[in-house]
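Along the sequence shown, residues are numbered consecutively beginning with 1. Every heavy atom of this structure was used, including side-chain atoms; hydrogens, water molecules and symmetry mates were not.
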Amino acid sequence: MEEPQGFFSTGDGCVGDTVTERCLVESKEPVSHVQLACGLWFCAFPLDGNELCVWSTKDPSYQPLILRGHRQPITAVTFGNTVSPLLICSASQDYVMLWSLDECRQKVLLGLTPRGLVLGTLLGKALYLRLSPDDRAAAVCAGNKIFMLDTESRSTLAVLEGHRGPVTAAEFCPWQTHIIISVSEDRSFKVWDHHAGSPLYSSAVLTASPLLSLLVDEKSKQLVAGCADGQLWVFSLVERHHYRCVTRVDLKKKRETFSRRVESRLCSLPEENRRPRAHGLEKGEDMEGSLPVLSLAPCDLSLLLSSECGCLPSESAPCLWVGSSAGLLVLNLANFELEGVLRYKDFRSLSIQVAGSCAMMSKAGEQKAICLLTSLFGGQIAVLEIRLAALVRSRQGLGAGRSLSVLPRGCVLSTSPLHFRIAEEHRTPPAPQRRSAVRSTVQDQPLVFHSKVRSSGYATAPHVTMFSPKTNTRNNGDSPSRRRSSHGCKEYPLESSPPTRLHKQRVLAHGPAAALCVQFSGDGRWLACGLANHLSLVFRADLTGTPAVFSGHDGAVSTVCWSHDGRWLLSTSLDGTPRVWSLRRAELVLCVGRDLFPKPIQSAQFYYLDAFILCSSGPELQLLKCHIDTSKDEIRRYKQKSRCRPVFRLPTAGPTEITSLSAVNDFYSYLVLTAGRDKTVEVFDLNAGRSAAVIAEAHSRPVHQICQNKGSSFTTQRYQVYNLFATTATGDGIKLWDLRTLRCERRFEGHPNHGYPCGIAFSPCGRYVASGAEDRHAYVYELGSSTFSHRLAGHTDTVAGVAFSPSAPQRERDRTCEQGRGRERGERESQAASALSTELDAGLRPATLGSRPEPRSRVGCSTDRVPQAPLFLMLSVLSHI
């Protein structure tokens, strides 16, 4: 072997703190569209057409190894998977050859010419090569076929045919070595059993552009396919998922969003801490029209992400390198967000500005990566060294320095609006007045004459109260506190499974009155539902008996919320008036007037252990102090004695209105989360009385619900898990966030939600997130997976809301039929203990309290108002198994 002269240059070549050009090679032949190989210690690439060059990435001063044996230009190169011996396979139109690097190195030291083993001849132009996990088989993608070659006997094992276009990539399944997956220019992927030589699955046409690259991730068990128009298609390879599509990622939009976030962070930093802007972020520079995905490779960021993510499920989230002609991107497969972007144009000193092909490798446990590039125009080949810490530094710094937590870390400040409750608790109550032991029914009063005299007091009979409430009813000692204690004796299991089957159905109404929201009480005994016909219904948790009906709103009930003690129910409506109802008396006890707020109330909830009521009024967050008094005046019996007054108001960072808010009421917490119509999520610290953080562009569309992992009084979770919260937007899926880092840790897609705002809910164990959908199903996601684990059927219309029971992971039920459905249905439903589902399809005619009875109506979808058709559920009530 002769040492190459004149065209091979090495050196530090420092371009910046992010990327360094370690090696530059000039080839006589163009190498723009070939498969490159990049391993742990070596990288390999074609040189001068038919020569194979192997360069050491561990020791750059090591003499490059030149292997000769091909007569035609080499088009594909790949490394083996075993460490000893380390194999390398190369392919051209004439030969497919296998080389052992150790043997080749020894022969070169002895002055001999290394020779490779010929596995196949005249197979055609090979676009891709891949060796099996045990290096016993080689997959050669040539034309529309995949040739399976035996590396030991050098024979053809099978020829896989079925693609209608050239096969561009093929990968072995790491956990099922007999399965190989291929993508083609026919815009589809196929799954093969290469032992049997037959296809197992064939996808439909995915996109209008050819598929160019492929990656099978063993950790997440996902398939990632990249196409020429900059799209990434992610599919689940879990056996029961049947190759379902997890998501589709538009790399161009992701990169633009990433650039805006980095730009906003640079503007928010002090002048002395700002880094110089890269050339690609300069204002007015045009972005590339497309980002063809040339190659995909795994990327290990566990050392960089685990320090911020703590013990969250996404700390070990897999990442991948995405190589394109314009640069490199690091994509997180948990949240499908970019962790880092490296554009070649940002580093003018790089020899290659537009790549024709590339290969990446990052070793586990190290903070450096190697990238092998070839120029799209010419024969330049470059080896880049990338520092991962510098690459992802801009992305990690978005939530740095805030140290937010749901759990309070200090005492209430004297200037805090929450100190109002502390002052009232320490206030000395007035001394009670002594009453006479003998009450006189007739009192002597002086005779006076006025224009209006109610009574003179002389010779009057004892006062008789008419229509007095019956307060001497016996409850057999079944007080609410005693019922809660007896009901909550069993702790909620944290390792329970999600609901999978229908448990029970209950009808709310007939007609065009949709169900909009649902919420369990804290003790798990009651279930509140808000309807579009201005009513709120309260059921028992087992959906038995006649529900209590609360009437008084002038618009559709949008939210319902229980107090911590379970005595009060707070509801908001499109009429903009929050109302507090008494569960025991089944009547209105407080109605907050519109005159207290500049704009109608969109959402409200109890806060700080029922000490306050949080409301959102336009772009303002309102804190109300309420005094609820259920006693009645003898003269003005229908005038409520409860009162409410604003204590504190806090404007949002932007002028847009708040669409949803969330705060913990089960324990003292200072933080309040809000979502705005401008696609932002803002965190307020009411102890300091200011805005603590703002997440810009949390979704691509306005967030319609924000939900915290609040657990329940029947579970005990790790304290870090309470900092998780989820947001959802129409057409943009569900995102799981960590409040401490303000990072999106995981993204859940797969449930169709394109036009109607469907609700979400956390399970009490904190392991699952449920969501409604427009395909008449409820979806259950596990926090450790990006695709849904269960798809619950049984509804006939859009599922608008979901809720988990906080106390009952399993409910016993009779095997007999219910409501005349027959014994067969009863036996079928008995298998699904605790998958509680409410379907609004049969008549319900309860007596409305405080008003005339409502006419019979059927609850249906908001988009279908045909009264003759039987319209069903718009909300789902789920009880954890």
Side-chain angles (χ1 to χ4, degrees), residues 498-521 524-533 535-549 560 758-759 761 770-780 790-805 808-846 856-862 864 869-881:
T500 56
R501 302 213 181 161
L502 180 65
H503 172 62
K504 196 170 184 178
Q505 298 179 356
R506 182 61 190 266
V507 175
L508 298 187
H510 291 280
L516 303 179
C517 54
V518 60
Q519 186 67 46
F520 275 99
S521 60
R525 299 179 59 248
W526 305 101
L527 179 69
C529 302
L531 306 181
N533 59 359
L535 298 180
S536 298
L537 305 181
V538 176
F539 294 87
R540 293 185 179 273
D542 56 359
L543 299 181
T544 60
T546 303
V549 182
V560 289
C758 300
S771 173
E774 296 174 350
D775 63 346
R776 302 169 294 180
H777 290 79
Y779 289 76
V780 180
H790 294 87
R791 183 170 176 258
L792 307 181
H795 305 297
T796 58
D797 217 319
T798 301
V799 182
V802 291
F804 284 91
S805 173
Q810 184 172 0
R811 295 184 182 276
E812 299 296 335
R813 67 180 306 277
D814 191 2
R815 288 182 179 269
T816 60
C817 62
E818 295 180 2
Q819 299 178 356
R821 298 279 183 173
R823 181 176 300 273
E824 180 180 357
R825 175 182 172 234
E827 294 178 355
R828 184 174 66 253
E829 291 183 1
S830 64
Q831 301 175 0
S834 179
L836 180 62
S837 177
T838 305
E839 186 161 355
L840 317 180
D841 62 344
L844 175 65
R845 194 176 184 180
R856 295 170 62 90
S857 61
R858 184 182 300 273
V859 176
C861 178
S862 59
D864 191 352
L871 304 179
F872 303 113
L873 178 66
M874 285 203 61
L875 79 135
S876 174
V877 183
L878 305 179
S879 178
H880 213 62
I881 291 181

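- Between atom CD of residue E774 and atom CG of residue D797 there is a gap of 10.0 Å, rounded to the nearest 0.5 Å.
- Between V560 and S536, the shortest heavy-atom contact is CG1-OG, 4.3 Å.
- Here A773 pairs with H751, P752, D775, Y779 under the side-chain contact (heavy atoms from CB on, under 4.5 Å) rule; sequence neighbours left out.
- A distance of 6.5 Å separates CG in L527 from CG in L543, rounded to the nearest 0.5 Å.
- For S521, the side chain to side chain donor-acceptor pair (under 3.5 Å) test picks out D523, with sequence neighbours left out.
- In this structure, CG in L516 is found 9.0 Å from CG in N533, a value given to the nearest 0.5 Å.
- Annotation for V802 and A761: closest pair O-CB, 3.5 Å, computed over non-hydrogen atoms.
- What you find for H777 and V799 is that their closest heavy atoms are O-CG2, 3.5 Å.
- Annotation: salt bridge (Lys or Arg N to Asp or Glu O under 4.0 Å) contacts of R540 (sequence neighbours excluded): none.
- In plain terms, the two heavy atoms of F520 and A541 that are nearest each other are CE2-CB, 4.1 Å.
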